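Have a look at the structure below, then the notes.
Residue numbers begin at 1 in each chain, while the letters A, B, ... track the order of the sequences. Being a predicted model, the structure only gives us computed values, none of them experimental.
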Amino acid sequence: MKTFLAEIDVMPKKEILDPQGKAVTGSMKNLGLSEIQNVRIGKHISLEIEADNEATASAKVDEACKNLLANLIMESYNFTLTEK
Amino acid sequence: MKFGVVIFPGSNCDEDIIHVLQNVMGQQVVRLWHKDHDLQGAEFIVLPGGFSFGDYLRSGAIARFSPIMQEVIQFAAKGGKVMGICNGFQILTEAGLLPGALLHNRNRKFICRNIYLKAQTPNSLVTRGIDPQRALKIPLAHGEGNYFADADVLKALNDNDQVLFRYCDEAGNITDDSNPNGSLENIAGVTNSGRNVFGFMPHPERAAEALVGNQDGLAIFESILSLANA
């Protein structure tokens with residue numbers, strides 16, 4: 001058994017309004033950084049998973065993302081895996 | 001009718017709906033703890049409002065995997081009646097029992113005030129007894145109630161008459177100004193294609209007694225029970 005570290009990003013889909021990102025984009029102006037546009041805010045999730053190989057680990061992380069960590073109606077996700 | 005009200009850690013409208021069903025509507029109610037595996041013979045399941053599991057990850061995302069929800073999902077698959085109010089609606093969308101999702105309110109604020117809504121279809125248990133011209137004044141209390149569905153799902157909802165309620169103004173006009181949270185087409189509640197699962201964001205259980213100064217919510221409970229007793 002190997003242990004893999006998954007680093008997962010969950011982001012609101014492009015077509016979906018991201019009120020947090022919009023508010024932060026607005027505050028950039030107050031910082032004098034009006035060059036910064038289109039802030040979008042999602043989640044970063046890290047987790048450890050035990051599996052025989054990377055393919056199995058990847059399939060299980062994918063299942064976790066689809067069923068719980070992301071809601072595919074409003075969010076998209078991607079992740080990287082590294083062996084610990 | 002025997003109602004089952006599911007209680008999750010973080011539910012906070014459970015006692016309100018139990019009170020209304022039991023003491024105002026005179027119905028039998030059983031409390032169903034989220035770890036239970038038995039619906040105790042309830043004929044109508046209610047998922048109450050609140051902040052189940054602290055709204056961690058996403059509203060309703062964790063509650064959807066509670067043991068009792070596996071029973072609720074099976075019950076609904078067999079045609080059992082299930083209704084979610086506010087967080088209960090969020091849980092039903094997360095569970096895939098209702099289409100769409102509830103996003104953060106477009107104004108980035110937690111909304112806690114009375115709004116108006118109109119019943120949109122005579123063809124559902126929760127709306128069939130409601131005058132479609134009547135604007136019901138009902139309390140709203142949520143941060144994530146902005147109803148979203150992709151274009152295909154939205155079309156199917158309209159084509160199949162699955163929209164239960166839309167937000168409107170006091171005079172009953174369905175306008176963008178009367179849309180409190182940015183919901184697509186002012187949608188406040190929907191039913192599934194089988195028409196046995198219902199979800200909406202407003203809280204009729206907070207407006208069902210003269211004591212609280214507003215009884216508009218009674219129309220929904222009366223609609224449910226008039227059919228049940230028919």
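Pairs of residues two or more places apart, or lying in two chains, that qualify as salt bridge (Lys or Arg N to Asp or Glu O under 4.0 Å) and include a residue from residues 59-68 of chain A are A:Asp62-A:Lys66.
Minimum heavy-atom separation, B:Phe65 to A:Leu68: CE1-CD1, 3.7 Å.
Within residues 92-111 of chain B, the residues approaching chain A closer than 4.5 Å by heavy atoms are, in numerical order, B:Glu94, B:Gly100, B:Ala101, B:Leu102, B:Leu103, B:His104, B:Asn105, B:Arg106, B:Arg108.
Put simply, the residue from A:Ile45, A:Val10, A:Asn71 that forms a side-chain contact (heavy atoms from CB on, under 4.5 Å) with B:Leu57 is A:Ile45.
A 6.0 Å sphere centred on CD of B:Glu15 holds more than 12 heavy atoms belonging to other residues, nucleotides or ligands.
Atom-to-atom distance recorded for B:Asp150:CG and A:Lys13:NZ is 7.0 Å, nearest 0.5 angstrom.
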